[in-house]
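Below: one structure, written as structure tokens.
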2 protein chains.
Amino acid sequence: MPSNRQEVENNVKKQEIRDSARQMFLAFGYEKTSLAKIAKHAGVTANTIYWYFKSKEELFASVVEEIIQAFLTAFKTRKSESLRDNILWVISVLEVSRAFIVTIHEKSRTSQVIADVHQSFHDSLAEISEAYLLEKEMKPTEIKPYITLVGFVIEGILMHELDEKEKNDIVSLLEV
Amino acid sequence: MPSNRQEVENNVKKQEIRDSARQMFLAFGYEKTSLAKIAKHAGVTANTIYWYFKSKEELFASVVEEIIQAFLTAFKTRKSESLRDNILWVISVLEVSRAFIVTIHEKSRTSQVIADVHQSFHDSLAEISEAYLLEKEMKPTEIKPYITLVGFVIEGILMHELDEKEKNDIVSLLEV
DNA sequence: ACCTGAACACCGTTCAAGT
DNA sequence: ACCTGAACACCGTTCAAGT
């Protein structure tokens with residue numbers, strides 16, 4: 001609970017900037033979205049963004065973090081379906097954010113903030129999947145590489161644009 | 001065979017720029033490598049690059065094309081080993097160019113030249129692998145999705161930095 | 001044909017100054 | 001506390017001018 005009205009307003013403005021950033025980044029990509037563009041869309045001046053975020057990269061990291069949180073919440077509350085359905089569900093949920101996947105990997109090499117957000121995403125996903133696969137009685141030693149492999153395939157499917165048939169055929173190959 | 005000395009000189013200078021570009025792109029990444037930096041390293045002025053290449057993106061595409069050609073030549077003349085060895089060989093050869101993989105995917109979304117180079121790489125690889133897997137008597141309908149899956153796993157391994165054990169464990173899961 | 005100096009519009013970021 | 005105008009150094013790219 002915010003302690004006063006001021007704080008609400010602050011968070012609202014910050015969220016508006018984040019929302020504008022998410023939309024512009026998704027529409028035009030990270031490099032082709034200038035801070036001026038985001039600021040205009042959010043109804044502020046470019047340098048106002050620096051009051052709320054330390055840099056363009058931190059703004060991007062903040063956007064990504066929000067998306068990952070929403071994804072993890074949805075993932076945790078989802079009841080266990082077949083492995084195949086779970087994988088297809090993850091792909092469908094992340095599909096709208098597809099444009100971010102490449103940028104996250106690109107920026108992870110030079111930005112600590114984004115590398116951290118990226119890493120914590122993979123960790124959370126692995127933790128949840130591990131419990132699931134143990135339930136399904138997969139051999140413990142096979143679980144870790146298998147989770148990594150599934151992650152790579154999901155990323156691959158999201159990064160390259162495959163049609164439904166190609167997508168289904170590949171996911172079928174992952175059946176244990 | 002070049003028709004005269006002039007042409008040799010031309011190609012030499014162009015190659016020098018390409019070489020400088022490759023080294024700088026690999027060392028600092030695409031975005032953090034300015035044309036001024038490349039030009040200085042090659043001993044020319046920034047705008048001289050525009051005599052040989054239409055844009056920074058075309059220069060990058062040219063560098064990538066050269067790497068892909070070298071890779072495909074090596075791949076074609078290599079004699080068939082086990083599938084596992086072939087996959088590990090591809091990974092080891094591409095490892096030095098790892099930094100490019102992400103950038104290629106990023107730029108493929110907005111640059112036609114790079115998308116074309118990227119696509120022709122996947123096509124060549126699929127074509128070669130298909131012949132190989134037919135020899136090994138894999139079912140024709142399974143070949144295409146399998147090749148795509150292997151490609152995604154190779155890209156995944158290259159994009160994330162895995163140690164030898166993780167790498168081997170994942171490649172083992174690809175055994176047919 | 002090949003190369004340059006100077007300029008263009010734009011970029012992320014900083015900061016002193018305002019409220 | 002929050003926001004801005006003006007400036008900074010830098011960017012990819014263009015082009016008239018040189019050889």
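Heavy-atom basis, side chains included; hydrogens, waters and symmetry copies ignored. Proteins come first, then strands; the chains are lettered A, B, ... in the order of their sequence lines, and each starts at number 1.
- Salt bridge annotation for B:Glu166-A:Lys144: present, with a cationic side-chain nitrogen under 4.0 angstrom from a carboxylate oxygen.
- Heavy-atom neighbours of A:Glu175 CD from other residues, nucleotides or ligands within 6.0 Å: above the threshold of 12.
- Contacts of A:Lys136 classified as side chain to side chain contact (heavy atoms under 4.5 Å, CB included), with partners at least two apart in sequence or in another chain: A:Tyr132.
- Contact check, B:Lys56 against D:dC11: no side-chain N or O comes under 4.0 Å of OP1 or OP2.
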Where do N or O atoms of nucleotides 14-19 of chain C meet protein N or O atoms at under 3.5 Å, pair by pair?
residue: C:dT14; atom: O4; partner: A:Asn47; partner atom: ND2; Å: 3.3

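- What separates CD of A:Glu57 from C1' of C:dC11 is a distance of 14 Å, to the nearest Å.
- A heavy atom closer than 4.0 Å to some atom of DNA chain C occurs in A:Thr33, A:Ser34, A:Leu35, these being the qualifying members of residues 32-39 of chain A.
- At whole-Å resolution of the value, CD1 in B:Ile49 and C1' in D:dC11 are 13 Å apart.
- Figure legend: cation-pi geometry between B:Lys37 and B:Phe28, with NZ or CZ positioned under 6.0 Å from the six-membered ring centre and within 45° of its axis.
- B:Phe60 places its CZ atom 19 Å from the C1' atom of D:dT13, with the value rounded to the nearest Å.
- The side chain of B:Val44 lies closest to C:dT4 when the candidates are C:dA1, D:dT4, C:dT4.
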Show me, pair by pair, the donor-acceptor contacts under 3.5 angstrom made by side chains of residues 89-98 of chain A, not counting sequence neighbours?
residue: A:Ser92; atom: OG; partner: A:Trp89; partner atom: O; Å: 2.8
residue: A:Glu95; atom: OE2; partner: A:Arg98; partner atom: NH2; Å: 3.1
residue: A:Arg98; atom: NE; partner: A:Leu158; partner atom: O; Å: 3.3
residue: A:Arg98; atom: NH1; partner: A:Glu161; partner atom: OE1; Å: 3.3
residue: A:Arg98; atom: NH1; partner: A:Glu161; partner atom: OE2; Å: 3.4

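- Open room surrounds CD on B:Glu127; 12 or fewer heavy atoms of other groups in view lie less than 6.0 Å from it.
- Base pairing in DNA chain C yields stems of at least 3 consecutive Watson-Crick or G-U pairs, both distances under 3.5 Å, namely C:4-8 with D:12-16, C:12-16 with D:4-8.
- Every residue two or more places apart in sequence or in another chain that forms a salt bridge (Lys or Arg N to Asp or Glu O under 4.0 Å) with A:Lys139 is listed here: A:Glu142.
- A close approach under 4.0 Å does not occur between any side-chain nitrogen or oxygen of B:Trp51 and OP1 or OP2 of C:dC3.
- Phosphate contact (OP1/OP2 of C:dC3, side-chain N/O of B:Thr45, threshold under 4.0 Å): absent.
- Per the geometry, CD belonging to A:Glu16 stands 14 Å off P belonging to D:dC2, to the nearest Å.
- For the pair B:Lys40 NZ and C:dC3 P, the interatomic distance rounds to 19 Å; values are reported in whole Å.
- To the nearest angstrom, C1' of C:dC10 lies 14 Å from CD of A:Glu31.
- In this structure, the separation between CZ on A:Arg78 and CG on A:Asn86 is 4.5 Å, given to the nearest 0.5 Å.
- Stacking of B:Lys107 on the aromatic ring of B:Phe100 is not recorded, the 6.0 Å distance cut-off and the 45° axial limit not both being met.
- Rounded to whole angstrom, the span from the NZ atom of B:Lys14 across to the P atom of C:dA1 amounts to 15 Å.
- Nearest heavy atom pair, residue A:Leu35 against residue A:Ile49, reads O-CD1, 3.6 Å.
- Taking atom CZ of residue B:Phe53 and atom C1' of nucleotide C:dC3, one finds them 15 Å apart after rounding to whole Å.
- Residues B:His160 and A:His122 place their aromatic rings such that the two centres sit under 6.0 Å apart.
- The pair A:Lys167-A:Glu164 counts as a salt bridge, with a side-chain nitrogen and a carboxylate oxygen less than 4.0 angstrom apart.
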